Structures are given as C-alpha cells and as structure tokens.
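What follows is a single structure, written as structure tokens, with notes after it.
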Amino acid sequence: METSDDAILGKSLSGIITSWNAGATRVFGYKANEAIGKHVSFLAWPGEEERIESFLEKLRCGERVTHFEVVRKHKNGRKVIVSISLSPIVDANGTIIGIAKIARDITERKTIEQALAANELRLRKLTELEETARAEVLAERKFRELIENAPDAILQVDSTGAIVIANRTAETMFGYSREELMGNGVDVLVPEANRAGHAGHRNSFASAGVTRPMGLGLDLFARRKDGTKFPVEISVSPVPTESGINVTAVIRDVTDRKQAERRVRSLQEKYMTELESRQKEAERLNCLKSEFMASISHELRTPLHTIIGFAELLEEETEGSLNEKQRRFLHHIHGDSEHLLRLINDVLDLSRIEAGGLHLRTESLSLQAIVAETVNAIRPYADSKSVSVREGDHLDVCVWADPMRLRQILYNLLSNGAKFTEAGGEVSVDAAVDESSVRITVADTGLGIAKEECTRIFDKFYQVGFTPVGVREGTGLGLAICKQLVEMQGGTIWVESEPGKGSHFHFSLPHSLV
Ligand code: ADP
C-alpha cells in the first residue's frame with residue numbers, strides 16, 4: 001500500500017478518514033497525521049461535498065463505486081482530478097465496517113486530453129475556413145463562366161474609356177482578341193460616324209447615369225474589327241470603383257431580329273396594299289352592280305305601269321263587260337303586276353342606297369302626324385284581314401328624320417305586322433323618349449319569329465321558310481331597306497319576338513327638340 005502510486009485510504013461509514021498511505025500524501029499534499037481523523041469532505045473541491053455524501057450513502061448500502069472522475073483540492077489549493085474506486089470493508093460476519101478508497105491522480109492525463117481536444121477544435125476551424133474559401137472560389141468561377149458564356153457581349157470601360165473587362169462573346173461579336181480589347185479605347189467598337197459624340201455621352205452617363213437602355217428609340221450600330229457595322233441594343237450601368245466610375249455595357253447583336261422585323265413589315269405592307277386594292281375593286285363592282293340594278297329596275301317599271309293601268313281600265317269594264325273567267329284572269333294579271341312593281345321598287349331603293357345614290361332630306365317632324373298618315377294608308381289592308389290598328393299614347397314627340405323615308409319604314413313594319421297577324425289580332429305603334437333618341441315600336445299579336453331568325457330577317461331576300469295560307473307574297477327586301485334607312489338616319493333597328501306571341505319591332509331616331 002505504501003509503495004503504491006495511487007492514494008489509498010480507509011474511511012469509516014460516516015466518512016472519517018482512518019488510514020492514509022504515502023500515495024495519498026503525494027496526491028493530496030496532506031501527511032497522514034493531518035488527514036486521519038478528519039471527515040473526507042475536507043478534500044472536496046468547493047461544490048463537490050454533496051456528491052461525497054451520496055457516494056457514502058451508496059457504500060453504506062453495500063454498493064461499489066468504480067473509476068469515477070471527481071475533482072478534489074490539493075493542500076496547496078490547486079485542482080486535482082482523480083479517478084476513484086470505493087469498496088465496502090466487511091468483517092468476518094459480513095457486516096460493513098468501513099470503506100476502502102483508491103484515488104488515482106489523472107490531472108496530467110486530463111490536461112493533455114483537454115489540450116488535444118482544444119487543438120482538434122482549432123484544426124477543425126481551420127479546415128472550415130479553407131472550405132469557405134474554396135466555395136468562394138467555386139462561386140467566383142461559376143460567375144465568371146456565366147459572364148463568359150452570356151449570349152450578349154459584356155464590356156466595362158474605365159473613366160478614360162479604356163476597356164477593363166471583356167467577355168468571350170465580346171471577342172466573337174467584334175472580331176478582336178481579348179488582348180486587343182483590354183486596355184484599349186472602346187471607341188474602336190463605335191462606327192466612325194458616331195465616335196465624335198461617344199466620349200461625351202459616356203462621361204455624362206458616368207457622372208449621373210442609372211442603369212438604362214442606351215439611346216432609347218434610336219437605331220444603334222456597332223463596328224467589327226473588319227469595319228462592318230451591325231445593329232445593336234445596349235444597356236449601360238455605372239459601376240463605382242476606387243479610381244472613379246466605370247461603365248458596364250451589355251451589348252446585344254440584333255441583326256437577325258431586325259431582319260425578321262423588316263421581313264414582317266414588308267409582308268404586312270404587301271398584304272395591306274393587296275387588301276386595299278381588292279377592297280377597292282369589290283367596291284367598284286358593287287357600285288357597278290347597283291347602278292345596273294337601278295337602271296334595269298327603272299326600265300322595267302315603265303312597261304309595268306302600262307300593264308297595271310290597262311288592267312285597271314279593263315277591270316272597270318267601261319270598254320265592255322267581262323265574264324267571270326276573264327275577271328279572274330285579269331285579277332291575276334293585276335295582282336302579280338302589282339307584286340312585280342313592289343319588288344322592282346324595293347330593288348331600286350336598295351340599289352340606290354347601296355350605290356350611295358339615296359339622299360335624305362331630314363327635318364324636325366311630328367311623329368304623331370306621320371304615324372297618323374301611315375296608319376290611314378295601311379288601314380284598308382288591315383281591315384281586309386280583320387286586324388285592328390292602334391296608335392299609341394306617347395306619340396306626341398318630334399323626331400329628326402326624312403318624312404318620306406320615315407313613312408316608308410313605318411309602312412313596311414305595319415304592313416308586315418298586319419300580314420303576319422290573324423283575324424282578330426292587333427298592330428300598334430308606340431314611342432318612348434330617352435335622353436337623345438326616340439324609340440318607336442311597331443308591335444303585333446301575330447305569328448312571331450323564332451329567336452335564330454331574329455337577325456337574319458334583316459338580310460336581303462331573307463324570308464322565314466313557313467308562310468301561312470292567305471298571306472300575300474312579299475319580296476324579302478322590306479326589312480333590309482328599313483335597316484338601311486334607319487341607320488342612315490342615325491338609328492338602329494331590332495326585333496323582340498317569340499313564336500306564337502307576336503313581335504315588337506323597335507327602331508330609334510334622333511330626338512328633335514324643336
Ligand atoms: P317580306 O316582303 O317577305 O315581308 P321583309 O324583309 O319585310 O320581307 O321580312 C322578311 C321576313 O321576316 C318575312 O318574310 C317574315 O318571314 C319575317 N317577318 C317580318 N315581319 C314579321 C312579323 N311582323 N311577324 C312575323 N314575321 C315577320
């Protein structure tokens with residue numbers, strides 16, 4: 001025990017030191033006579049006392065403590081780190097009568113371990129710095145590659161106009177090697193004609209510029225080493241450096257785009273010219289057609305008037321009486337001649353309108369008066385069909401229109417209304433005024449019109465397929481003429497209708513306040 005390097009001591013169960021070897025003196029500094037009889041806690045590093053008590057408690061219960069690292073205090077006050085093993089001492093009856101403690105001084109080992117750990121940490125931190133530096137180099141390389149391979153030429157010039165940065169695209173775009181570009185004046189890349197002003201622009205941009213496209217709205221050109229010019233788009237930005245403000249320029253060769261634009265423009269122009277000439281030709285042919293229609297209709301009317309006049313004379317029987325059969329034949333001749341005359345008149349009207357030959361004489365008109373005249377004109381026909389005609393309550397209003405053409409519109413709509421209404425039904429004319437126009441409505445309680453036909457009926461020669469028995473033939477031109485006449489007078493015409501529920505034809509005309 002005495003020769004052991006370890007401190008070996010005995011303790012009572014309550015912790016009073018009972019034996020102390022030379023090792024203990026070496027480890028803790030106290031001699032045996034200074035230690036024996038004291039409570040073991042006098043060796044505790046401040047704060048460790050409770051731990052000692054908990055060890056004693058374990059030992060009293062017969063447990064062991066092996067290789068436990070604890071901190072103790074040397075006589076000279078320094079810290080001693082020891083690895084302790086405690087075991088109970090039992091008598092011949094197996095009763096625990098004391099505690100044997102072996103404490104090995106591991107202070108030196110611990111110090112070395114801590115120094116090694118600290119060194120390890122420091123090394124790691126070094127390595128970390130290296131990794132960061134490497135990542136920065138990589139990022140820098142990527143950035144450089146990005147710039148080198150950009151589809152645009154990238155140049156930076158210093159305040160004297162010397163090129164300080166040029167990427168690979170700049171070399172291929174301008175035909176100069178990088179060595180030729182670097183340090184040389186940027187003016188060689190500017191066409192001779194624009195060089196004079198270039199330095200001035202560059203200087204004023206460097207002093208006050210913000211990133212922006214250069215020469216906005218202008219066609220810019222650059223010059224290759226071989227002297228050829230090509231169109232470019234340039235975006236410039238100021239870059240403050242230690243030696244003044246540099247200017248970075250991103251230059252795009254727009255030769256292909258400009259060529260494509262030119263091609264599209266010339267195609268557009270070609271098609272527009274073609275379209276215009278075709279339109280003119282179509283208009284000319286339309287005019288010719290309308291003139292032809294007008295003249296042929298006029299030529300047809302003259303003999304028709306003769307036929308109708310003589311048919312009427314014969315019907316009057318002043319030149320001799322007719323038998324029943326002759327009267328029937330004559331009735332057919334008269335009826336069909338009238339129909340043909342209506343058709344010719346309508347064709348003539350429409351041709352004149354389309355050829356621009358119909359001139360309106362617009363004036364302020366009393367709607368009531370015109371409606372009254374037209375209703376009187378239609379009444380014999382309506383009576384013959386037992387259809388009543390009603391003049392509405394709000395007709396006391398003035399409109400700005402051509403009286404003859406307004407009569408024609410109203411007559412067409414009213415005669416259609418009476419034509420497509422069965423006995424016992426009604427046709428009516430009403431009006432409503434809004435801010436600037438008067439809406440006139442010709443309504444009937446007749447046949448009605450399917451939704452899909454409501455716009456087509458305003459087309460030339462369009463008639464809804466089904467015509468009820470007893471309805472006299474029409475020309476299919478009445479509504480087309482009405483539409484043209486209404487629109488020529490600044491209005492619009494439309495219909496609201498449902499099969500079996502009658503129709504409302506509305507048209508608007510300018511409101512006249514005089
Ligand atoms: P039409 O001389 O045949 O009457 P319109 O141009 O005046 O020619 O009318 C075109 C077609 O519109 C008519 O044939 C008829 O089918 C339909 N139509 C016009 N007005 C009415 C109405 N009030 N009720 C029902 N159908 C109508």
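If you read the sequence from its start, that first residue is 1, and numbering goes on from there. Fair warning: this is a prediction, and the values are worked out from it, not measured in the lab. First listed ligand is number 1; within each ligand, the first listed atom is number 1.
- Counting the atoms of ligand 1 from 1 in the order shown, those under 4.0 Å from a heavy atom of Y462 are 10 (C), 11 (C).
- Atom CG of L477 is separated from atom CG of D346 by 5.0 Å, given to the nearest 0.5 angstrom.
- Under 4.0 angstrom from ligand 1, the non-hydrogen atoms of I449 all belong to its side chain.
- Proximity of S503 to ligand 1 is established by a heavy-atom distance of less than 4.0 Å.
- By the 3.5 Å distance cut-off applied to N or O atoms, L479 is counted among the residues near ligand 1.
- Pairs passing the salt bridge (Lys or Arg N to Asp or Glu O under 4.0 Å) check and including a residue from residues 293-321, sequence neighbours excluded, read E317-R327.
- Judged by the shortest distance from any of its heavy atoms, N412 lies outside the 4.0 Å radius around the atoms of ligand 1.
- Not close to ligand 1: E453, with no non-hydrogen atom less than 4.0 angstrom away.
- Contacts between L413 and ligand 1 below 4.0 angstrom, taking non-hydrogen atoms only, are absent altogether.
- For the residue pair Q408/R405, the side-chain donor-acceptor check at 3.5 Å is satisfied.
- Under the ring pair (Phe, Tyr, Trp, His ring centres under 6.0 Å) criterion, F230 pairs with F174, not counting sequence neighbours.
- Annotation: the span from L155 atom CG to N246 atom CG amounts to 12.0 Å, rounded to 0.5 Å.
- Heavy-atom proximity to atom 18 (N) of ligand 1, evaluated over F458, F420, F461, is greatest for F420.
- Every N/O-N/O distance between G448 and ligand 1 stays at or above 3.5 Å.
- The ligand atoms of ligand 1 that sit less than 4.0 angstrom from a heavy atom of K419 are 1 (P), 2 (O), 4 (O).
- Set against the non-hydrogen atoms of V464, the atoms of ligand 1 under 4.0 Å away are 16 (O).
- With a 4.5 Å cut-off on side-chain heavy atoms, F420 and D444 do not count as touching.
- Looking at S497 and S503, their side chains do bring a donor and an acceptor atom within 3.5 Å of each other.
- A donor atom on one side chain and an acceptor atom on the other are not found under 3.5 Å apart for S415 and N412.
- Across the listed options I481, I457, T475, T475 owns the non-hydrogen atom lying nearest to atom 2 (O) of ligand 1.
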